[in-house]
Amino acid sequence: MRRHFCMDLLRTSLAASTMLASSLLTTAALAQEAAPSAPPQPAAEDTAAPQGDIVVTGSRITASGFTAPTPTQVLSTEDLTKGAQPNVFTTIAQLPSLQGSTGASVGANGTSTGVQGLSTLSLRGLQPIRTLTLLDGQRVVGANVTGVADVSLFPQLLIKRVDVVTGGASASYGSDAVGGVVNFVTDTRFEGFRANAMSGISTYGDNANYTFQAAAGKAFMDDRLHVIVSGEYSHEDGIPSAGFGVGNSPDGDGPNGRDWMTAVGLINRGITDDGSPQYLYRNHVQSSLNSMYGLITSGPLAGTAFDRNGNPYQFQYGNECYNGSCVGGDLSGSVANGNSLMSEITRLNSYGRIGFDIDPDNEIYTTVNVARVRTSNTPNPGFAQFGNLTMQCSNPYVPASIQQACAENEITSFGYGVNNAMFDNIDVHTQREQYRFVAGAKGKFPVFGSDWRYDAYYEHGTEITNINVYNIALMPRYRAAIDAVAGPDGTITCASAAAVASGCSPLNIFGGSAPSAAAASYIEPAYGPYQHTRQTQDVASIAFNGEPFALPAGPVSIAFGGEYRHEFYRVTADPYGNGVNGATGSSYSEEYPADPLLDTNGGNWYAGNYRNGSGAYDVYEGFLEVNVPIFKSDALGSANLNAAGRGTHYSTSGTVWTWKVGGTWATPLDGITLRGVTSRDIRAPNLSELYAAPVTSNRTGTVDPFNNRVVTVLQTTTGNPNLTPEIARNTEVGIVLSQPEWLPGLSLSLDYFHIKIDDAIASLDAQTQINLCYGGVEFTCGSFDLSDPNAAYVTLQPFNFSSIMTDGFDIEASYQTDLEGLGLPGRLTLRGLATNTRNYITDTGLPGTIPHQLAGVNIEATATPKWKLLLSQDYSTDKFSVRFQERWFSAGVLSNEYVVCTSNCPVSTVNNPTIDYNHVPGAFYVDFSTSVQVTPEVEAYFKVDNLFNRDAENVPGNVTTPTLYDVIGRAFRVGMRANF
């Protein structure tokens with residue numbers, strides 16, 4: 001693995017300015033009544049809000065004693081520091097309500113996923129695109145064209161708390177808040193110096209990591225001018241590819257001794273009505289269409305393989321062979337588990353804020369955030385050809401014994417498959433740079449005898465992403481190089497005169513002989529696929545909040561405001577991947593010279609065929625929110641009604657309306673509050689879904705049911721400008737027990753949630769599109785062409801599904817108590833959070849299809865187990881602390897639509913296929929941390945994640961489910977914190 005240890009100096013210049021634009025959000029304190037389901041947190045001060053006012057992320061209302069009806073889970077600074085992670089994302093993503101979040105272990109098996117090293121949060125398993133992530137209540141420029149924010153680029157050492165709003169909030173915050181909102185609140189009045197240094201390694205001796213962070217704040221001019229700066233450098237080695245044959249030894253052979261990795265696969269028998277299951281779940285599955293150093297796959301010589309030295313031998317297929325897959329046999333060339341298990345990642349982050357108090361009630365400020373993330377990964381070793389090559393018997397590299405066998409069998413060519421293990425592994429490098437600038441003003445002013453607060457900001461963000469792929473083949477050149485002939489003088493050369501003229505050097509693919517330098521540079525040139533993306537976001541927002549009059553039960557609060565947003569992206573790619581024809585064509589250059597063998601329409605690389613594209617849209621919106629106290633008395637308690645509405649106009653899809661209605665009732669029963677909210681939420685299609693340039697990913701072996709064979713297909717993902725917004729209905733009702741007099745340290749909450757999304761935007765996977773067409777669903781038939789095995793393709797395009805529905809329960813409990821009554825020093829804190837997902841049902845609405853129940857499916861991108869649990873026990877004194885944490889999720893299945901049987905099976909169908917095994921285990925992890933106060937200002941700490949080294953589990957197709965399982969294993973970290 002390449003390592004990037006150099007630290008670049010990022011220069012930031014801060015200039016104070018006054019701009020009007022902002023949404024009224026969390027820049028004040030969190031008090032207990034602001035989030036009854038969270039454990040009590042100390043109130044923090046913010047001069048922009050008067051004492052006693054509560055700013056609640058679940059609402060735009062700022063008012064003394066106001067309780068939002070939308071549940072909010074809170075992580076404090078203490079929670080984040082005791083998590084002791086190189087990236088706070090890891091600590092936050094452990095919350096049970098956050099399912100399907102992506103991190104460094106997600107997307108490491110592809111060239112074109114776009115999520116390598118991307119730290120994004122997902123609520124309810126609805127994917128990051130349906131969770132709105134904010135920084136100090138403000139939008140953040142997307143880290144890729146889906147518009148999702150990368151939280152690893154935030155100023156982590158200045159985070160005061162993280163609010164997780166587990167409900168629809170589009171009426172308050174706009175598009176994307178379908179699953180909820182995650183708001184990172186920074187300490188805007190920080191003074192002093194803070195630092196953190198940490199290093200760690202896994203029990204397997206890999207994923208070595210180190211993190212250095214520092215922040216400083218100072219007040220000047222009689223406490224009117226506040227200057228804050230922070231910087232961070234973090235590196236994680238990741239877990240590299242273990243190469244060929246991973247997971248195919250009897251005991252497993254993952255990278256650096258991870259013996260849990262086994263090459264699990266589903267074998268499609270292709271037979272649906274003989275009483276046996278169509279799909280067989282098996283360990284040690286291999287392809288029967290290629291081998292490490294070459295395999296003849298068709299004709300009378302089929303089954304002849306070649307060893308490293310090019311000597312032929314009889315290939316061991318194993319048993320249970322169907323449609324290009326076998327169980328057992330010669331497993332040395334399997335690439336099933338050969339990708340990086342975790343990407344290498346290096347982060348560099350700088351942040352600055354200048355705030356100036358015009359008077360005690362009003363502040364103007366500006367912030368600058370400049371950050372960079374670099375990642376690298378290996379999607380798979382070699383570049384496999386699954387029996388799709390035709391080799392001539394006269395090829396001079398064909399061993400003499402095989403040439404003789406060709407003559408004896410009267411054939412001139414044969415089908416051939418090979419992993420091309422003589423080449424270096426494919427290597428994908430991704431770099432994201434973020435430049436974010438905010439200028440704003442906030443405070444209050446009197447109007448007709450009452451104070452009105454305002455919050456305004458303007459944000460400009462730029463995200464630049466570069467993806468470079470190395471050690472990857474240009475397939476037209478590869479095919480020309482392996483088509484070798486002997487010249488009159490016996491010199492071996494390429495058969496095509498045009499290829500020879502363009503520099504072709506012959507390649508021997510019978511065995512593992514290293515290619516010549518000329519052949520290697522011809523097939524895998526120094527300049528591989530690249531994609532350069534530039535995204536910009538401009539936001540101007542202003543919001544007001546006040547209490548214009550009072551009712552007998554208390555003052556009526558009103559918040560209103562408006563926002564303008566412009567989103568833009570442009571992507572450019574290399575001419576070999578994109579092509580040079582048409583208006584969006586790239587140009588040949590010195591690095592990418594013209595070559596008559598290459599297709600001018602692009603798609604020449606084995607994978608990573610990026611395309612040019614661009615898109616933009618404008619958004620105009622206005623909102624109004626009101627909180628009305630209904631009653632307040634000793635006999636009845638107190639209740640309030642909260643309602644909001646927002647009108648949003650998209651230049652791409654027109655005007656849409658969102659609303660919410662909710663309320664809380666603090667009953668006269670000791671500590672018991674009832675709450676409920678229902679809302680209409682939206683998510684407009686993002687730039688990627690609308691305008692994404694076609695991206696061609698790895699060639700994969702795909703079952704062709706029309707011809708009962710396996711073909712190697714190119715999967716191309718593209719946008720759809722005809723998409724319309726998703727419309728969601730979100731309902732939550734709950735009960736809270738908070739700080740009862742009989743047990744003041746106790747807080748309990750139980751909330752039921754129900755989300756129904758109509759016109760949901762998503763794509764089908766390639767195999768599903770093919771299977772649906774085979775089953776009679778004509779809608780998908782035009783999306784692929786399998787007629788030519790050498791040019792088979794499938795196009796994946798998003799469209800508006802019929803619906804997604806999910807519902808379940810959130811449970812939270814916490815208890816805090818001083819131990820003085822027991823004669824012990826310190827404080828004990830217990831906390832537990834659980835999410836039960838009862839249903840997660842997707843319905844394409846296509847004729848001939850059925851709804852799919854994904855709750856309890858532990859292999860999908862949503863990865864939504866029925867239960868997730870997070871427990872912690874913390875004992876702290878002024879001198880030291882000890883903390884245990886337990887993480888658990890329930891066992892699940894591969895698919896709820898499978899019919900499990902081993903004999904007397906019903907007829908297998910596309911909607912309900914038969915299978916002989918349908919189980920994915922759950923997992924239980926224990927973490928431990930401790931800290932010691934070395935001096936009043938300096939703390940040393942130690943952390944062990946996955947204390948008992950609980951292995952991950954294998955799943956077919958993707959090695960494991962990294963959004964659920966811990967792929968690293970036991971990990972140790974040690975560090976020092978300073979706070980002056």
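Scope of the values below: all heavy atoms of this structure, side chains included, with no hydrogens, waters or symmetry mates.
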Inspect the contact between E625 and R646 and indicate whether a charged nitrogen and a carboxylate oxygen are less than 4.0 angstrom apart. no

Are D681 and R683 ion-paired here, with the side-chain N under 4.0 Å from a carboxylate O? no

With a 6.0 Å cut-off on ring centres, are Y965 and F889 close enough? yes

Any donor-acceptor N/O pair, D927 side chain to N946 backbone, under 3.5 Å: yes

Minimum heavy-atom separation for L135 and P155, please, with both atom names. CD2-CD, 4.2 Å

Taking only residues two or more places apart in sequence, or in another chain, which ones meet E236 in a salt bridge (Lys or Arg N to Asp or Glu O under 4.0 Å)? none

Pairs flagged by salt bridge (charged side-chain N to carboxylate O under 4.0 Å, His left out) wherever residues 80-96 is involved - sequence neighbours left out: E78-K82, K82-D874

Distance-only side-chain donor-acceptor flag, R831 / Q816, under 3.5 Å: no

Any Lys/Arg nitrogen of R675 or D751 sitting under 4.0 Å from an Asp/Glu carboxylate oxygen of the other? yes

Give a yes-or-no answer on whether the side chains of E886 and Q873 include a donor-acceptor pair shorter than 3.5 Å. yes

Determine whether a donor-acceptor pair (N or O, by modelled atom type, separation under 3.5 Å) exists between the side chain of R347 and the backbone of P86. yes

Decide whether S343 and T375 meet the rule of one side-chain donor and one side-chain acceptor closer than 3.5 Å. no

With sequence neighbours excluded, what pairs up with E897 under the salt bridge (Lys or Arg N to Asp or Glu O under 4.0 Å) test? none

With sequence neighbours left out, the residues meeting salt bridge (Lys or Arg N to Asp or Glu O under 4.0 Å) with D176 are R139

Can R124 be said to sit on top of F753's aromatic six-ring, NZ or CZ under 6.0 Å from centre and within 45° of the ring axis? yes

Among residues at least two apart in sequence or on other chains, which ones pass salt bridge (Lys or Arg N to Asp or Glu O under 4.0 Å) with R838? D807

Residues at least two apart in sequence or cross-chain that pass side chain to side chain contact (heavy atoms under 4.5 Å, CB included) with I735, listed by chain then number, are I672, L674, L750

